[in-house]
Amino acid sequence: MKTQFEILRQIRVNFAKLLEGHSLATLNLVPVGYNNNLIWNFGHALVSTQLLIYRPTGQPMHIETDIIERYRRGTKPEGKVNAADVEILRSLSISTLHSLEADYAAGLFTNFESYTTGFGVRLDSAEDALKFIPVHETLHLGYAMALKRMLD
């Protein structure tokens with residue numbers, strides 16, 4: 001799983017770089033024809049990772065409930081994020097990855113309740129989830145890259 005964590009780390013580095021240098025107005029802008037924005041995709045990727053592995057194992061998540069509710073599947077940007085919100089997400093990008101690695105190494109993800117993702121992929125174990133998470137985060141990085149092209 002070491003490679004999976006390295007891949008996830010690089011995805012998050014790339015996502016953070018994509019967001020750098022953008023004003024709050026740009027991060028919050030939902031272009032015509034889209035239903036979300038740059039910062040929502042970033043927050044959604046972080047929240048989804050928690051939901052993909054912590055919830056099916058019954059482990060406590062490392063992101064506050066209000067953030068999870070704001071960025072979970074089926075949501076869209078509601079209101080504007082401020083500088084503090086952006087900084088919280090940037091910090092969570094790093095801290096939740098460290099927690100995920102530590103929690104996996106500690107064997108916390110043993111009782112995994114199987115489920116099928118919205119992407120149509122069945123996950124039967126923590127290892128399945130850890131293989132799928134980079135796919136999901138890259139999907140949203142790609143969306144964010146397309147949004148950025150619209151905004152530049």
Side-chain angles (χ1 to χ4, degrees), residues 1-20 22 24 27-28 30 34-148:
M1 293 277 89
K2 180 181 175 185
T3 300
Q4 293 306 116
F5 289 115
E6 289 172 4
I7 291 168
L8 188 54
R9 184 173 291 105
Q10 191 59 51
I11 293 165
R12 291 188 177 190
V13 165
N14 292 345
F15 220 138
K17 284 181 183 177
L18 181 77
L19 300 178
E20 283 177 6
H22 291 290
L24 286 173
L27 292 175
N28 281 295
V30 178
Y34 287 80
N35 62 2
N36 55 49
N37 55 34
L38 289 171
I39 199 66
W40 183 90
N41 277 281
F42 187 56
H44 174 74
L46 302 177
V47 162
S48 294
T49 291
Q50 295 285 297
L51 293 170
L52 285 164
I53 195 161
Y54 285 89
R55 184 169 37 172
T57 59
Q59 295 298 322
M61 291 185 255
H62 296 279
I63 295 181
E64 298 294 324
T65 303
D66 62 321
I67 296 173
I68 290 170
E69 291 304 315
R70 188 173 187 179
Y71 295 103
R72 71 181 311 137
R73 182 176 176 217
T75 65
K76 60 183 180 179
E78 300 288 341
K80 305 288 183 192
V81 298
N82 59 36
D85 296 328
V86 174
E87 187 51 42
I88 288 168
L89 292 177
R90 286 182 195 276
S91 177
L92 285 171
S93 176
I94 297 164
S95 67
T96 58
L97 182 56
H98 290 309
S99 297
L100 179 61
E101 288 181 278
D103 292 347
Y104 181 77
L108 296 184
F109 303 129
T110 54
N111 296 322
F112 193 93
E113 187 176 319
S114 299
Y115 68 100
T116 301
T117 69
F119 201 70
V121 175
R122 182 164 174 83
L123 305 178
D124 292 315
S125 66
E127 289 73 20
D128 288 351
L130 288 170
K131 290 174 185 172
F132 178 74
I133 287 166
V135 172
H136 180 261
E137 288 205 12
T138 301
L139 174 73
H140 285 281
L141 174 58
Y143 286 154
M145 291 167 73
L147 282 166
K148 183 179 182 301

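Throughout, residue positions are numbered sequentially from 1 according to the sequence presented.
- Counting only distance, with no hydrogens or angles, the side chain of T75 and the backbone of R72 share a donor-acceptor pair below 3.5 Å.
- Every residue two or more places apart in sequence or in another chain that forms a side chain to side chain contact (heavy atoms under 4.5 Å, CB included) with V121 is listed here: T117, F119, L123, F132.
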Considering only distance and modelled atom types, tabulate donor-acceptor pairs under 3.5 Å from the side chains of residues 83-92, sequence neighbours left out.
from	atom 1	to	atom 2	distance (Å)
D85	OD2	N82	N	2.9

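- The side-chain hydrogen bond (donor to acceptor under 3.5 Å, both in side chains) test applied to T57 returns no partner, not counting sequence neighbours.
- Minimum interatomic distance between L147 and N37 (heavy atoms only, all atoms of both residues): CD1-C, 3.6 Å.
- The environment of CE in M1 is crowded: more than 12 heavy-atom neighbours from other residues, nucleotides or ligands sit within 6.0 Å.
- In this structure, H22 has no ring-ring contact (aromatic ring centres under 6.0 Å, His included) partners at least two apart in sequence or on a different chain.
- Take Y104 and apply the side-chain hydrogen bond (donor to acceptor under 3.5 Å, both in side chains) test, not counting sequence neighbours, and it matches E127.
- In this structure, NE2 on H140 lies 3.5 Å from NE2 on H136, to the nearest 0.5 angstrom.
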**Prompt:** Do L46 and F42 pass the side chain to side chain contact (heavy atoms under 4.5 Å, CB included) test, and can you show the C-alpha distance, the side-chain angles, and the key distance before you say yes or no?
**Reply:** CA-CA 7 Å; L46 302 177; F42 187 56; 4.2 Å; yes
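- Between the CH2 atom of W40 and the OH atom of Y143 there is a distance of 9.0 Å, given to the nearest 0.5 Å.
- Around CD of E64, the count of heavy atoms belonging to other residues, nucleotides or ligands within 6.0 Å does not exceed 12.
- The two residues L18 and K148 come nearest to each other via the heavy atoms CD1-CD, 3.1 Å.
- Side chain of H44 to backbone of Y71: a donor-acceptor contact under 3.5 angstrom is found.
- Here the closest heavy-atom approach between residue P134 and residue I7 is recorded as CB-CG2, 3.8 Å.
- Within 6.0 Å of the CZ atom in R73, the count of heavy atoms belonging to other residues, nucleotides or ligands does not exceed 12.
- Expressed to the nearest 0.5 Å, how far CG of L100 lies from CD1 of I53 amounts to 5.5 Å.
- Between F5 and E101, the shortest heavy-atom distance links the atoms CD2-CG, 3.2 Å.
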**Item:** Criterion side chain to side chain contact (heavy atoms under 4.5 Å, CB included) on N36 and V30, from CA distance to verdict
**Value:** CA-CA 5 Å; N36 55 49; V30 178; 5.7 Å; no
With a 3.5 Å cut-off and sequence neighbours excluded, list the donor-acceptor pairs that the side chains of residues 107-115 form with protein atoms.
from	atom 1	to	atom 2	distance (Å)
S114	OG	D124	OD1	2.8
Y115	OH	L52	O	2.8

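- Using a cut-off of 4.0 Å between Lys/Arg side-chain N and Asp/Glu carboxylate O, R12 and E137 are scored as salt-bridged.
- Two residues are said to be in side-chain contact when any heavy atoms from C-beta on lie closer than 4.5 Å; F15 and N41 meet this criterion.
- No donor-acceptor distance shorter than 3.5 angstrom exists from the side chain of Q50 to the backbone of M61, with no hydrogens or angles considered.
- D103 and H62 share a donor-acceptor pair across their side chains, judged by distance under 3.5 Å alone.
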